[in-house]
Amino acid sequence: MQETLEKADPAFRADVLNGLSEPVPAIPARWLYDRRGSELFDAITRLPTYYPTRTETALLQSVMPEIAARVPPGGAVVEFGAGSQTKTPLLLRAVHPRAYVPIDISGDYLKDSAAIVDADHGAIDVHPIVADFTQDVPLPGAIEGLERLGFFPGSTIGNFVPQSATDLLRHFRATLGTGSKLLIGMDRIKPVERLIAAYDDPEGVTAEFNLNLLHRINRELGANIPVDAFAHQARWNDMLARVEMHLLALRDVDFEIEGRAFHFATGATIHTENSHKYGPRSGRLLLLAGGWTPLIEWVAPNEDFALVLAEAERDRFAP
Ligand code: AVI
């Protein structure tokens with residue numbers, strides 16, 4: 001049965017129709033995060049097997065004095081993303097910035113993040129910016145002259161293939177400027193069983209998160225995909241050091257999206273997300289390639305997760 005038709009975002013429509021027509025069918029991961037998808041991702045971060053969020057939060061908490069010692073008070077914290085209710089306040093309390101600038105494509109999420117900060121940190125000026133942080137973003141004049149610390153937690157960098165991750169880091173550099181710093185969370189390579197458990201939890205929340213994309217296509221593009229013909233699959237791709245999420249066709253399946261017919265044979269998949277994991281050296285090399293010189297790295301117990309503080313050094317003409 002067709003689900004209620006909502007007004008479709010033309011970019012979503014194009015990504016779905018083009019992505020499903022590719023030789024390796026794939027849809028960009030950003031479309032996983034509609035309202036329901038964001039709720040489900042929130043639930044994922046609290047699952048026992050999803051270690052990144054709690055590991056990074058505990059690490060941040062324990063190294064905050066060391067971060068504060070390297071970041072002078074009175075600067076500007078620029079967060080790439082709307083901010084988290086737990087991690088952002090930890091950082092702001094420790095580094096005492098004059099200004100906090102969260103950047104997100106969604107104004108709704110930004111309203112929430114500005115409210116969290118306002119409630120808790122009256123002395124900080126909040127300048128939310130609705131923008132796509134994968135591009136250069138002009139910063140508000142009010143923070144001109146302030147030292148800048150970029151904040152990109154959550155190992156979201158892992159959701160970008162290395163070429164795009166490098167571009168992203170270069171945009172961060174252009175946005176923040178030479179001399180600024182970046183505090184970034186990076187998830188580490190670890191035994192495959194733990195990685196798969198984090199992305200294919202026994203409770204089935206990640207499965208619901210992944211399958212929600214098909215419900216979204218049905219709802220917003222008036223499609224008739226039989227969602228029960230697909231199953232969530234998490235795979236470790238060792239060559240590319242990443243966990244991949246796929247939607248696996250459990251039987252031969254035919255459906256239509258806006259009058260276009262699609263066929264998936266049993267065992268075919270739609271690739272929906274990558275989550276790259278880094279070793280110490282590959283992580284630092286990625287930062288260097290993106291224009292950021294690592295200054296110091298803090299690592300969680302079992303080397304599960306790393307926080308790196310890096311600096312946008314001035315370009316040098318010689319070694
Ligand atoms: C948002 N991002 C860092 C998550 C990750 O771990 O790659 C997205 C996620 N997908 C499934 N579980 C979590």
Side-chain angles (χ1 to χ4, degrees), residues 26-57 59-60 79-88 102-106 109 113 132-134 151-162 164-165 168-169 172 183-216 230-237 240-248 269-278 283 286 300 304-308:
I27 297 173
R30 68 191 177 106
W31 301 114
L32 290 164
Y33 299 87
D34 62 352
R35 182 195 290 262
R36 179 72 187 135
S38 302
E39 283 168 9
L40 287 164
F41 175 64
D42 221 52
I44 288 172
T45 63
R46 291 189 291 273
L47 290 169
T49 52
Y50 190 76
Y51 60 83
T53 309
R54 84 177 62 83
T55 307
E56 185 184 41
T57 306
L59 180 61
L60 259 177
E79 179 151 13
F80 299 102
S84 105
Q85 307 209 2
T86 41
K87 293 178 223 173
T88 306
I103 306 174
D104 201 284
I105 196 108
S106 156
Y109 295 138
S113 62
D132 176 3
F133 65 65
T134 66
F151 187 39
F152 195 46
S155 72
T156 305
I157 190 75
N159 297 130
F160 294 77
V161 295
S164 314
L168 179 70
L169 291 166
F172 287 177
L183 180 64
I184 184 167
M186 294 178 125
D187 196 10
R188 285 285 176 90
I189 298 170
K190 52 184 62 63
V192 177
E193 312 76 65
R194 289 193 57 213
L195 287 167
I196 296 300
Y199 290 84
D200 193 2
D201 56 280
E203 293 88 344
V205 183
T206 310
E208 206 182 326
F209 170 67
N210 198 6
L211 288 160
N212 176 59
L213 181 61
L214 299 181
H215 287 295
R216 180 176 188 184
F230 287 88
H232 165 66
Q233 190 183 53
R235 302 179 188 166
W236 172 246
N237 182 331
L240 301 178
R242 69 191 191 195
V243 177
E244 297 177 358
M245 290 204 323
H246 292 258
L247 289 162
L248 170 74
T269 77
I270 305 169
H271 188 168
T272 51
E273 191 177 56
N274 292 312
S275 197
H276 294 80
K277 308 302 170 189
Y278 288 96
L286 180 74
D304 270 358
F305 199 97
L307 279 166
V308 187

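As the structure lists them, so they are numbered: ligands from 1, and atoms in each ligand from 1. What's counted below: heavy atoms across the whole structure, side chains too, no hydrogens, waters or symmetry copies.
At least one heavy atom of Tyr33 sits less than 4.0 Å from an atom of ligand 1. Residue-ligand proximity: Gly158 is placed with every non-hydrogen atom at 4.0 Å or more from ligand 1. Ser155 counts as a contact of ligand 1, since one of its heavy atoms falls under 4.0 Å from the ligand.
A donor-acceptor pair under 3.5 Å is absent between the side-chain atoms of Ser275 and the main chain of Gly158, judged by distance alone. At least one donor-acceptor pair under 3.5 Å links the side chain of His276 to the backbone N or O of Phe160. At distances below 3.5 Å, not a single donor-acceptor pair connects side-chain atoms of Thr49 with backbone N or O atoms of Asp201.
The single protein non-hydrogen atom nearest to atom 10 (N) of ligand 1 is Glu273 OE1, 2.5 Å, given as residue, atom name and distance.
Using a 4.0 Å cut-off to heavy atoms of Tyr50, the atoms of ligand 1 that qualify are 4 (C), 5 (C), 6 (O), 12 (N), 13 (C). Listed by atom number, the atoms of ligand 1 under 4.0 Å from Gly154 heavy atoms are 3 (C). Heavy-atom contacts of Ser275 reach the following atoms of ligand 1: 5 (C), 6 (O), 7 (O) (cutoff under 4.0 Å). Atoms of ligand 1 found under 4.0 Å from any heavy atom of Phe209 (numbered from 1 in listed order, with element): 10 (N), 11 (C).
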Is there a side-chain hydrogen bond (donor to acceptor under 3.5 Å, both in side chains) between Asn210 and Thr272 once you walk through the steps?
CA-CA 7 Å; Asn210 198 6; Thr272 51; 2.9 Å; yes
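Between the choices Leu32, Thr45, Asn159, the shortest heavy-atom distance to atom 1 (C) of ligand 1 belongs to Asn159.
Ring pair Tyr33/Phe209: centre-to-centre distance below 6.0 Å.
Residues Lys277 and Tyr199 approach most closely at NZ-OH, 2.7 Å, considering heavy atoms.
For a threshold of 3.5 Å applied to N or O pairs, the pair formed by Lys277 and ligand 1 contains no separation below that value.
A 4.5 Å side-chain heavy-atom check between Asp104 and Glu79 finds every atom pair outside the cut-off.
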